[in-house]
Amino acid sequence: MISRTFYNYGKEIYKDKYKLANLIADLYVGEEKIKRVYRRAVLEDAVSSRIYNISLKSSEERRLFYHQLITSFIDENFYEQDFGKQVIDCFAQGISLDLKREIDKLIEKAESGDVEAQVKLGTRYYDGQDANQNYKEAVKWLHKAAEQGNADAQYRLAVCYEYGRGVVVDYKQSATWYQKAAKQGNAEAQNNLGDYYFGRGLDKNYKQATVWYRMSAKQGHASAQNNLGDCYYFGRGLDQNYKQAAVWYRKAAEQENANAQNSLGICYYYGRGLTKDYNKAVNWYRKSAEKGNRGAQNNLGLCYEYGHGLVQDYEKAVEWYRKSAEQGSAIAQNNLGNCYFYGRGLVKDYKQAAEWYHKSAKQGNSSAQYNLGRCCYYGHGTVQNYESAVSLFHKAALQGDVAAQRALAICHEKGQGIAQHYGMAAKWYRAAEQGDTTAQNKLGYYYEIGQGVTQSYENAAKWYQEAAKHNNIEAQYKLGSCFQHGLGVTQDYAKAVIWYLKAAQQGDMNAQCNLAYCYKNGKGVKQNSKEAVKWYQAAAVQNLVMAQYNLGVCYEQGEGIDKDISKAIEWYQKATEQGNLLAKKRLEVLSQK
């Protein structure tokens with residue numbers, strides 16, 4: 001009776017699950033509890049489609065799937081109820097028979113050349129909807145429809161060639177069909193064709209990519225709007241224009257495109273094309289992050305770490321970094337490594353830091369390569385290994401990481417993990433050209449003494465000046481010395497005083513001592529013994545031997561300060577203890593008086 005009932009109802013009852021549920025309840029004469037379970041099972045949203053999908057399996061396979069389906073809705077003994085199995089089996093068979101008749105009719109139409117039928121049939125085979133999923137059959141019918149000029153079929157056929165579904169992957173064939181569909185106004189195809197002009201299946205042509213993105217974007221295609229925003233943002237195929245980028249990102253973001261929401265957040269964060277606004281940046285980052293966008297999750301983590309647009313919260317930063325890192329974001333993996341390394345938002349753990357740096361470094365992230373190299377160099381979270389450190393520094397340096405270039409130069413200079421080679425050290429110190437003041441100052445020193453490069457006071461002064469302009473204290477002192485002694489520049493005491501003063505005010509004892517000399521002797525500045533004493537004192541308390549000797553002279557002779565022989569002896573003694581012979585002689589003279 002059950003079989004006959006379901007066969008007669010067939011597809012009609014399949015479409016109305018309430019009728020089906022009631023019918024099952026009427027047919028079942030067992031316990032009321034089980035009847036309710038059967039009825040609820042059919043009313044569950046996913047059940048009807050699951051029953052139908054089971055009907056497509058072989059009879060042998062069905063038994064396994066029935067078991068899974070029935071046990072999803074019961075207490076532990078439900079799957080043993082023979083009635084439940086009969087209901088599902090008969091229902092599935094009835095649907096299957098009815099739908100196969102419909103597919104047969106569709107095949108007849110398709111074979112007669114009906115293009116709409118060909119598209120429908122190809123789509124059903126592709127999706128596995130009302131038919132066994134069969135990509136080869138899908139390609140067969142989509143190809144027939146595409147050849148007749150159907151844009152939807154052309155687009156779907158292009159997808160098959162792109163992903164190798166029913167055919168061998170062939171980007172050129174895929175591009176050909178995308179082009180045909182795009183020219184007919186298919187927005188999906190236009191967007192995908194834009195992607196192909198980035199060098200997949202077509203010669204790279206950013207300008208052409210923007211043409212197709214724009215066509216698709218104007219039809220409201222969110223991904224194309226986001227892609228066009230990217231072209232404006234990065235200046236690909238168009239003049240870089242942050243304002244236009246923000247316009248298109250917003251259009252896509254308002255359609256809930258997660259990538260665009262993240263990008264719009266970036267525009268607000270950095271003030272690119274929009275007024276800088278951390279609060280709005282956070283708002284868009286959060287929308288995107290909650291959709292699972294790993295870039296936005298990392299960016300939201302940054303906002304929590306630095307307190308931009310919300311209250312600083314290291315633990316929240318870690319939470320979002322971890323979400324992003326676990327999705328494979330190399331940037332987030334490095335940031336999470338930093339949290340472990342510095343103990344931000346969690347307990348400091350060098351081993352965990354090294355592990356996350358390693359995950360990121362494997363993906364080629366230069367910051368992580370440098371950070372992992374640093375762990376190897378100092379033995380933080382891993383065995384100290386200079387060779388491994390050098391290898392990692394080198395990888396990061398080749399990508400332009402300034403810190404890694406400087407670290408690699410130091411390894412060459414000291415012969416750590418690699419043979420000592422001043423020439424190679426000088427090469428990597430040329431990271432100075434990227435604005436690293438430590439490297440600029442070091443390169444100036446190399447040129448000054450001719451280490452690893454041909455000696456050149458002119459080049460030394462040039463690099464000292466570059467670093468000094470960016471407030472490198474040692475370089476300011478060195479540049480002052482160049483001007484005082486006319487090394488690589490025209491001798492100019494006034495300029496020497498300017499640079500000595502900058503360094504002296506920041507605590508450089510050598511600059512303080514030389515500045516004191518200039519004040520004492522009126523070199524480049526009006527003679528002022530009191531100022532001389534002030535700067536000698538500043539350097540002397542930092543244990544600079546020449547400053548201690550000269551301060552002793554000032555006390556002995558009463559220059560710029562009241563004469564005080566005991567004080568003079570005190571400073572001469574300090575200088576003598578450091579081996580200064582001039583101070584020793586003054587002590588001998590004073591002891592004879």
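Values in this document were obtained by computation on a predicted structure and should not be read as measured data.
Heavy atoms of other residues, nucleotides or ligands lying less than 6.0 angstrom from CD of Glu570 number more than 12. Heavy-atom neighbours of Lys502 NZ from other residues, nucleotides or ligands within 6.0 Å: at or below the threshold of 12. Counting heavy-atom neighbours within 6.0 Å of Tyr445 OH, excluding the residue itself, gives a total of 12 or less. Residue Ile331 places its CD1 atom among 12 or fewer non-hydrogen atoms of other residues, nucleotides or ligands, all under 6.0 Å distant.
For the side chain to side chain contact (heavy atoms under 4.5 Å, CB included) test, residues two or more places apart in sequence or in another chain that qualify with Ala467 are Thr437, Gln440, Asn441, Asn472, Ala475. Residues satisfying the ring-ring contact (aromatic ring centres under 6.0 Å, His included) test with Tyr269, not counting sequence neighbours, are Tyr278, His308. For the ring-ring contact (aromatic ring centres under 6.0 Å, His included) test, no residue two or more places apart in sequence or in another chain qualifies with His358. Checked against ring-ring contact (aromatic ring centres under 6.0 Å, His included), Tyr378 has the following partners two or more places apart in sequence or in another chain: His380. Taking Lys495 as the reference, nothing meets the salt bridge (charged side-chain N to carboxylate O under 4.0 Å, His left out) condition, with sequence neighbours excluded. In terms of the ring-ring contact (aromatic ring centres under 6.0 Å, His included) criterion, Tyr270 has no residue partners (sequence neighbours excluded).
Using a cut-off of 4.0 Å between Lys/Arg side-chain N and Asp/Glu carboxylate O, Lys316 and Glu319 are scored as salt-bridged.
To the nearest 0.5 Å, atom NZ of residue Lys207 and atom CG of residue Leu238 are 9.0 Å apart. A distance of 7.5 Å separates OG in Ser329 from CD in Gln363, rounded to the nearest 0.5 Å. Put simply, CG on Leu228 and NE2 on His221 are 13.0 Å apart, with the number rounded to the nearest 0.5 Å. With values rounded to the nearest 0.5 angstrom, Gln255 atom CD is found 9.0 Å from Ser223 atom OG. Going from atom NZ of Lys287 over to atom CG of Leu300 covers 13.0 Å, rounded to the nearest 0.5 Å. The distance from the CD atom of Glu355 to the OH atom of Tyr340 is 9.0 Å, given to the nearest 0.5 Å.
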- Tell me, with the steps shown, if Tyr370 and Val402 meet side chain to side chain contact (heavy atoms under 4.5 Å, CB included). CA-CA 10 Å; Tyr370 165 69; Val402 176; over 6 Å; no
- Message: What verdict does the side chain to side chain contact (heavy atoms under 4.5 Å, CB included) test give for Ile266 and Tyr285, after you've listed the backbone C-alpha separation in whole Å, the side-chain angles of each residue and the deciding distance to 0.1 Å?
- Response: CA-CA 8 Å; Ile266 290 170; Tyr285 285 155; 3.6 Å; yes
- Query: Could you go step by step and tell me if Asn334 and Tyr357 meet the side chain to side chain contact (heavy atoms under 4.5 Å, CB included) rule?
  - Reply: CA-CA 5 Å; Asn334 180 60; Tyr357 288 150; 3.4 Å; yes
- Would Glu413 and Tyr446 satisfy side-chain hydrogen bond (donor to acceptor under 3.5 Å, both in side chains), going step by step from the backbone distance to the final call? CA-CA 11 Å; Glu413 181 178 86; Tyr446 270 37; 2.6 Å; yes
- Task: Under the side chain to side chain contact (heavy atoms under 4.5 Å, CB included) rule, what do Cys411 and Trp428 come out as? Steps first, then yes or no, please.
- Result: CA-CA 10 Å; Cys411 290; Trp428 290 111; over 6 Å; no
- Task: Might you work through the ring pair (Phe, Tyr, Trp, His ring centres under 6.0 Å) test for Tyr447 and Tyr457, ending with a clear yes or no?
- Result: CA-CA 6 Å; Tyr447 274 112; Tyr457 289 130; over 10 Å; no
Could you pull out every donor-acceptor pair under 3.5 Å between side chains of residues 510-518 and any protein atom, sequence neighbours left out?
| from | atom 1 | to | atom 2 | distance (Å) |
| --- | --- | --- | --- | --- |
| Gln512 | OE1 | Ala539 | N | 3.4 |
| Gln512 | OE1 | Gln542 | NE2 | 3.0 |
| Gln512 | NE2 | Ala504 | O | 3.2 |
| Asn514 | ND2 | Tyr500 | OH | 3.0 |

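Looking at Ser366, its side chain never comes within 3.5 Å of a backbone N or O of Ala396 through a donor-acceptor pair. In this structure a side-chain-to-backbone donor-acceptor pair under 3.5 Å is missing from Gln420 to His412. Between the Ser591 side chain and the Glu588 main chain, a donor and an acceptor come within less than 3.5 Å of each other. Here the side chain of Glu387 pairs no donor or acceptor atom with the backbone of Gly417 at under 3.5 angstrom. Remark: side-chain polar atoms of Gln399 are paired, donor with acceptor, to backbone N or O of Gly364 under 3.5 angstrom. A side-chain donor-acceptor contact under 3.5 Å links Gln384 to the backbone of Tyr377.
Side chains of Tyr549 and Arg586: no donor on one and acceptor on the other come within 3.5 Å.
For the salt bridge (charged side-chain N to carboxylate O under 4.0 Å, His left out) condition, the pairs that include at least one residue of residues 526-548, sequence neighbours left out, are Glu531-Lys534. Every pair passing salt bridge (charged side-chain N to carboxylate O under 4.0 Å, His left out) that includes a residue from residues 473-487 is listed here, sequence neighbours excluded: Glu448-Lys478. Here salt bridge (charged side-chain N to carboxylate O under 4.0 Å, His left out) pairs that include residues 230-241, with residues two or more places apart or in two chains, number zero. Every pair passing salt bridge (charged side-chain N to carboxylate O under 4.0 Å, His left out) that includes a residue from residues 388-406 is listed here, sequence neighbours excluded: Arg406-Asp436. Screening residues 290-305 for side chain to side chain donor-acceptor pair (under 3.5 Å) gives Glu256-Lys291, Asn259-Asn293, Gln261-Lys291, Asn262-Asn299, Arg286-Tyr304, Gln297-Gln327, Asn298-Asn335, Glu305-Tyr321, Glu305-Arg344 as the qualifying pairs, with residues at least two apart or on separate chains.
The shortest distance between side-chain heavy atoms of Tyr196 and Gln208 does not fall below 4.5 Å. Residues Gln484 and Tyr493 have side chains in contact (heavy-atom distance under 4.5 Å, counting atoms from C-beta outward). Residues Ile410 and Tyr429 form a side-chain contact, since some pair of their non-hydrogen atoms from C-beta on lies under 4.5 Å apart. For the pair Leu590 and Glu556, the minimum side-chain heavy-atom distance is below 4.5 Å. At a threshold of 4.5 Å between non-hydrogen side-chain atoms, the residues Leu274 and Leu264 count as touching.
Paired with Tyr242 under the rule ring pair (Phe, Tyr, Trp, His ring centres under 6.0 Å), one option of Tyr233, Tyr268, Tyr232 passes, and it is Tyr233. A side-chain hydrogen bond (donor to acceptor under 3.5 Å, both in side chains) with Gln548 is found for exactly one of Lys574, Gln578, Glu577, namely Gln578.
Ring centers of Tyr197 and Tyr206: at least 6.0 Å apart, outside the cut-off.
Closest heavy-atom contact between Ala353 and Gly337: CB-O, 3.3 Å. Closest approach of Ala296 and Ala289 over heavy atoms only: CB-N, 3.6 Å.
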